[in-house]
Amino acid sequence: MDNYSGKIEYRIEAPFFIIKLSDPGRLNSLAGNDYLYLAQLLEKADEDDCVYFTVLQSSGRFFSSGADYLSIGKAQETNKSEPELNKWLSNFVSRNVYVTDMFTRHRKILICCLNGPAIGLSAALCALCDIVYSMNENVYLLFPFASLGLVTEGATSVTLPLKLGNNATYQALMFNEPIKYDKLKGSVITKNYGLNDTEKFNTAVMDELRQKTNHLYLPSILGIKKLLMINIRDQLERANAVEVNDALKCWVKGEPQKRFKELSLKQRKHKL
Ligand SMILES: CCC/C=C/C(=O)SCCNC(=O)CCNC(=O)[C@H](O)C(C)(C)COP(=O)([O-])OP(=O)([O-])OC[C@H]1O[C@@H](n2cnc3c(N)ncnc32)[C@H](O)[C@@H]1OP(=O)([O-])[O-]
């Protein structure tokens, strides 16, 4: 496994496999290869028989600001002679399919420690987690697909209506509105720790998880997750495939690249 950028750390404290995003200076934005590494770590956690819970943590004030716009610029600039279709099949389709698939197929309990806002593909991955805890009420999820010339990704065309409801999903996606704590509470977030320090929050969640799980018969929880996923797994897998193929057309046309560049030049700002 290649940890290309060093932006992601992991440690195993059985029964927990803890993955931590550790690039707070750039708000834990992730390049294509970082998402690949994250997916590989999920695969490793899935295969490890000592692991029952995969815990996602982050650092600083954001959980993750989504795809790293600089890496999209680089992908655009390299191999200029390569046909756009080939370029975005490898730089977008295969990566998005793989990372989303590793989340949808993950057999262990996925717990997200949401220390701050999550955006784009990273927000989609939070929405794929089984349990989400928030550090405080300042968290939000933003899916700026309509602003960036993209369409739903990371199986959000299934997870958002399922978790938030259909009309709330339309409201957020059509107008690029952040989904704030008041809407996430109870639907996505099941506990708010009311803290203001990410490291204290991460520690508090782990302390509580150790306490809550030490009396459980752990194989049962995997059996329960398997049953809970039976009805939606096919939907998630189908959505993943259709989403990337629709988005591929956007990348070939070139609209997202233009808009990501504007973001990187600070000529475009999301309304929060
Ligand atoms: C795979 C393809 C599909 C994926 C789709 C998606 O994920 S769609 C979602 C795509 N994502 C988005 O649309 C979100 C884009 N980001 C934003 O809209 C804003 O940064 C903000 C609203 C998140 C925070 O505003 P704020 O005023 O509080 O903070 P700030 O702006 O000053 O940022 C602090 C530092 O972090 C840096 N940095 C931040 N994000 C990124 C990034 N994604 N990339 C790289 N760098 C990023 C920023 O440059 C700055 O560094 P500098 O210049 O000081 O060296």
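For ligands, and for the atoms within them, numbers begin at 1 and follow the listed sequence.
- Shown in contact with L272 at under 4.0 Å from a heavy atom are these atoms of ligand 1, numbered in order with element: 22 (C).
- For atom 8 (S) of ligand 1, the closest heavy atom belonging to the protein is L148 CD1, 3.6 Å.
- Within a 4.0 Å radius of atom 19 (C) of ligand 1, the protein contributes no heavy atom.
- Summarising the contacts of atom 37 (C) of ligand 1 with W88, Y69, Y35, W251, the nearest heavy atom is found in Y69.
- Distances from ligand 1 to the non-hydrogen atoms of G25 include at least one value under 4.0 Å.
- Taking atom 27 (O) of ligand 1 as the reference point, the nearest protein heavy-atom neighbour is K269 NZ, 3.7 Å.
- No side-chain donor-acceptor contact under 3.5 Å links N202 and N115.
- With a heavy-atom cut-off of 4.0 Å, R61 touches ligand 1 through its side chain alone.
- For a threshold of 3.5 Å applied to N or O pairs, the pair formed by A67 and ligand 1 contains at least one separation below that value.
- With 3.5 Å as the limit, one finds no donor-acceptor pair spanning the side chains of Y52 and T213.
- Not close to ligand 1: F145, with no non-hydrogen atom less than 4.0 angstrom away.
- Heavy-atom proximity to atom 23 (C) of ligand 1, evaluated over F260, F92, F143, F62, is greatest for F62.
- At a 4.0 Å heavy-atom cut-off, ligand 1 does not touch R95 at all.
- Relative orientation of the F92 and W251 rings is tilted, given thresholds of 30° and 60° on the angle between their planes.
- Ion pairing between K74 and E77 fails under the 4.0 Å rule for side-chain N and carboxylate O.
- In terms of heavy-atom proximity, D101 sits nearest to E237 at OD1-CG, 4.2 Å.
- Across every non-hydrogen atom of S59 and K20, the tightest pair is CB-CE, 4.2 Å.
- Note that atom 32 (O) of ligand 1 has protein non-hydrogen atoms nearby, at separations under 4.0 angstrom.
- Contacts of L142 with ligand 1, taken as heavy-atom pairs under 4.0 Å, are absent altogether.
- Follow the hydrophobic side-chain contacts under 4.5 Å out from L128 and you reach L141 in the same cluster.
- Nearest protein heavy-atom neighbour of atom 14 (C) of ligand 1: S65 O, 3.4 Å.
- A donor-acceptor contact closer than 3.5 angstrom is absent between the side chains of Y133 and E208.
- The line from CG of L125 to CZ of F103 is 4.5 Å long, rounded to the nearest 0.5 Å.
- If you look at Y140 and Y181, their ring centroids are not closer than 6.0 Å.
- The option with the heavy atom closest to atom 4 (C) of ligand 1, from among R268, E153, R259, is E153.
- Using a 3.5 Å distance cut-off with no hydrogens or angles, the side chains of E43 and Y98 do pair a donor with an acceptor.
- At least one N or O atom of L121 sits closer than 3.5 Å to an N or O atom of ligand 1.
- In this structure a side-chain-to-backbone donor-acceptor pair under 3.5 Å is missing from K180 to V139.
- Residue, atom and distance of the protein heavy atom nearest to atom 50 (C) of ligand 1 are K266 NZ, 3.8 Å.
- With a 4.0 Å cut-off on non-hydrogen atoms, H270 touches ligand 1 through its side chain and not its backbone.
- Only side-chain heavy atoms of S29 come within less than 4.0 Å of ligand 1; its backbone N, CA, C and O stay farther off.
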